[in-house]
Undergrad: 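Let me give you the structure first, and then I'll get to my questions.
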Amino acid sequence: MSTDDVTDSADERTRSSVERDPGPAPDEAGAASDAAAQAILDIEQQPLDERAPGYQALADRLRVELEQSDPHAR
């Protein structure tokens, strides 16, 4: 074991969870983006005067997902 190994371990213990947490896997993030994009396309196909409830529902759903995935939420 080199001194670099010890230093790396000590550095790892002092890093914040944000620095250590890589976030969602690329496939998960892509799937979430794809789902949101599809929801927007579906909303855009509705008549203009019927879109607001769809956008509100999407915003509510995304807010809940964000709150559940936020590691700093109380």
Side-chain angles (χ1 to χ4, degrees):
M1 179 150 120
S2 72
T3 56
D4 288 340
D5 292 335
V6 173
T7 303
D8 290 342
S9 296
D11 287 345
E12 184 65 26
R13 285 192 302 268
T14 60
R15 289 185 189 152
S16 73
S17 62
V18 172
E19 292 174 332
R20 284 182 282 175
D21 184 9
D27 291 341
E28 292 173 6
S33 296
D34 291 344
Q38 184 59 51
I40 291 170
L41 288 174
D42 293 343
I43 294 167
E44 288 293 318
Q45 292 178 5
Q46 297 176 0
L48 184 59
D49 60 341
E50 296 177 15
R51 293 180 190 174
Y55 280 120
Q56 186 62 54
L58 176 60
D60 292 342
R61 188 187 90 210
L62 293 174
R63 184 180 308 105
V64 168
E65 289 177 15
L66 178 62
E67 288 170 352
Q68 290 174 350
S69 68
D70 184 2
H72 301 291
R74 292 182 222 180

Undergrad: If I compare all heavy atoms of Leu58 with all of Ala36, which pair ends up nearest, and what's the gap?
TA: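 Shortest heavy-atom contact: CD2-O, 4.4 Å.
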Undergrad: Write down the atom of Gln46, the atom of Arg51, and the distance for their closest heavy-atom approach.
TA: O-NE, 3.0 Å
Undergrad: We want to know whether Asp34 and Gln38 form a side-chain donor-acceptor pair, criterion being a heavy-atom distance below 3.5 angstrom.
TA: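 Not at all, the side chains of Asp34 and Gln38 share no donor-acceptor pair under 3.5 Å.
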Undergrad: Show, in sequence, the C-alpha distance, side-chain angles and deciding distance for Glu65 and Arg61, and conclude whether the salt bridge (charged side-chain N to carboxylate O under 4.0 Å, His left out) test is met.
TA: CA-CA 6 Å; Glu65 289 177 15; Arg61 188 187 90 210; 3.2 Å; yes
